[in-house]
Amino acid sequence: MVLAQLGTSISDALARMSKATVVDEKVLGECLKEITRALLQSDVRFETVRDVQANIKKIVSLDTLAAGTNKRRIIQQAVFSELCRMLDPGKPAFVPKKGKPSVVMFVGLQGSGKTTTCAKYAQYYQGKGFKPSLVCADTFRAGAFDQLKQNATKARVPFYGSYMESDPAKIAVEGLERFRKENSDLIIIDTSGRHKQEAALFEEMRQVAEATKPDLVIFVMDGSIGQAAFGQAQAFKQSASVGAVIVTKMDGHANGGGALSAVAATKSPVIFIGTGEHLGDFDVFDVRPFVSRLLG
Ligand code: GDP
């Protein structure tokens, strides 16, 4: 189920509940069942769905609500706040500060949109008056440096990489040294994604993180991957301490489950979403407006 459908299904369930003459346990139960089904069909993990259901029930304990309270409203608010809670781990991500050098490392599987997103992120902060720079620490995939170069050139951001060097940690450190000298206040490190999860990739991420000591590690994921995001995000989190998530391809078949799973696995917030192939197709992610929009 794509994300928009998830929102529609939940709003429909709430609307049906609202229309009932009396909101009793049975009506609430039906409403929760529909919401649960919609979340599961959107690939949200069972454990997460179970928590959501329990939390809503807790907030909306019908027995304890005084007569005359607006049960419909309380149920609607409980659903809204639970959806927000699923997307908000309660811990804000590191935010770069202008003029104060920061290092941000990007991790994610090949094809997730990582290289494009590095350039989008650079361009976003450039627009805010930063002096960003891009380092290609992917020595695994032929063409990775050229791709970063192309994106960096489009974004008019300085870049660093090598066709010869095979040690990603070494290139990353060289890039850092170069751009520190040039007073870049936001050094962005793009890393390898290989083609699947494998021990060597995670070991490499650990090495690059250790060598560069990033202020922030961002996990980039394709919004349409669903539950697989949980395992991926967790594996990256274990090798480099992920502190934020960017979900790409939200213009496509994103189903919501992926983003929710990644937040649950990393206990880190989504900070941006990618909404297209162009560098400007990039939005700041804000939980409450996002959930409001989702529910229509
Ligand atoms: P990487 O292998 O993770 O570095 O991924 P790339 O940056 O090469 O992106 C893979 C493909 O996804 C490219 O064709 C990108 O243009 C495309 N892409 C990246 N982000 C988005 C997005 O937000 N929306 C859409 N539609 N395509 C995207």
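Note that the numbering runs from 1 along the sequence shown for the chain. All values reported here derive from a predicted model rather than from experimental measurement. Heavy atoms only: backbone and side chains are in, while hydrogens, waters and symmetry mates are out. Order of appearance sets the numbers: ligands from 1, and atoms from 1 within every ligand.
- With Phe179 as the aromatic partner, Lys181 does not meet the cation-pi criteria of under 6.0 angstrom to the ring centre and within 45 degrees of the ring axis.
- The CG atom of Leu134 sits 6.5 Å away from the SG atom of Cys118 when rounded to the nearest 0.5 Å.
- Counting only N and O atoms by type, the side chains of Tyr125 and Asp185 include no donor and acceptor under 3.5 Å apart.
- Both Val208 and Val242 belong to a common hydrophobic cluster when Ile, Leu, Val, Met, Phe, Trp and Tyr are linked at side-chain heavy-atom distances under 4.5 angstrom.
- No hydrogens or angles considered: nothing links the side chains of Ser239 and Glu204 as a donor-acceptor pair under 3.5 Å.
- Proximity of the aromatic rings of Phe285 and Phe272 is defined here by a centroid distance below 6.0 angstrom, and this criterion is not met.
- Using a 4.0 Å cut-off to heavy atoms of Ser112, the atoms of ligand 1 that qualify are 3 (O).
- For the pair Gln147 and ligand 1, the shortest N or O to N or O distance falls below 3.5 Å.
- Residue-level proximity to ligand 1 for Ile273 is absent, since no heavy atom of it falls below 4.0 angstrom.
- Tyr160 does not carry Arg178 over the face of its six-membered ring by the limits of under 6.0 Å from the centre and within 45° of the normal.
- With a 4.0 Å heavy-atom cut-off, ligand 1 is reached by no atom of His253.
- Residue Thr275 has at least one heavy-atom neighbour below 4.0 Å for each of these atoms of ligand 1: 23 (O).
- Remark: minimum distance from atom 28 (C) of ligand 1 to any protein heavy atom is reached at Lys249 CG, 3.8 Å.
- Contacts with ligand 1 closer than 4.0 Å are made by no heavy atom of Met250, backbone or side chain.
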Original post:
Given the rule in the side-chain hydrogen bond (donor to acceptor under 3.5 Å, both in side chains) test, do Gln147 and Arg141 qualify, once you have shown the distances and angles that lead to the verdict?
Top reply: CA-CA 10 Å; Gln147 198 195 338; Arg141 187 166 61 94; 2.8 Å; yes
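- Atom 3 (O) of ligand 1 has as its closest protein heavy atom Lys114 N, 2.8 Å.
- Ring-centre distance between Tyr124 and Phe130: not below the 6.0 Å cut-off.
- The side chain of Asp251, and not its backbone, has at least one atom closer than 4.0 Å to an atom of ligand 1 (non-hydrogen atoms only; side chain from C-beta on).
- Remark: ligand 1 atoms within the under-4.0 Å shell around heavy atoms of Leu109 are 3 (O).
- Distance from atom 14 (O) of ligand 1 to its nearest protein heavy atom, with residue and atom name: Glu277 OE1, 3.9 Å.
- Residue nearest to atom 21 (C) of ligand 1, selected from Gly276, Gly113, Gly274: Gly276 (by heavy-atom distance).
- Annotation for ligand 1: atoms under 4.0 Å from non-hydrogen atoms of Thr116 are 6 (P), 7 (O), 9 (O), 15 (C), 19 (C).
- Asp190 and Thr115 share a side-chain donor-acceptor pair at under 3.5 Å.
- Atom 10 (C) of ligand 1 has Gly111 O, 4.0 Å as its closest protein atom, hydrogens excluded (heavy atom only).
- Of all the heavy atoms of Thr117, none lies under 4.0 Å from any atom of ligand 1, so neither backbone nor side chain is involved.
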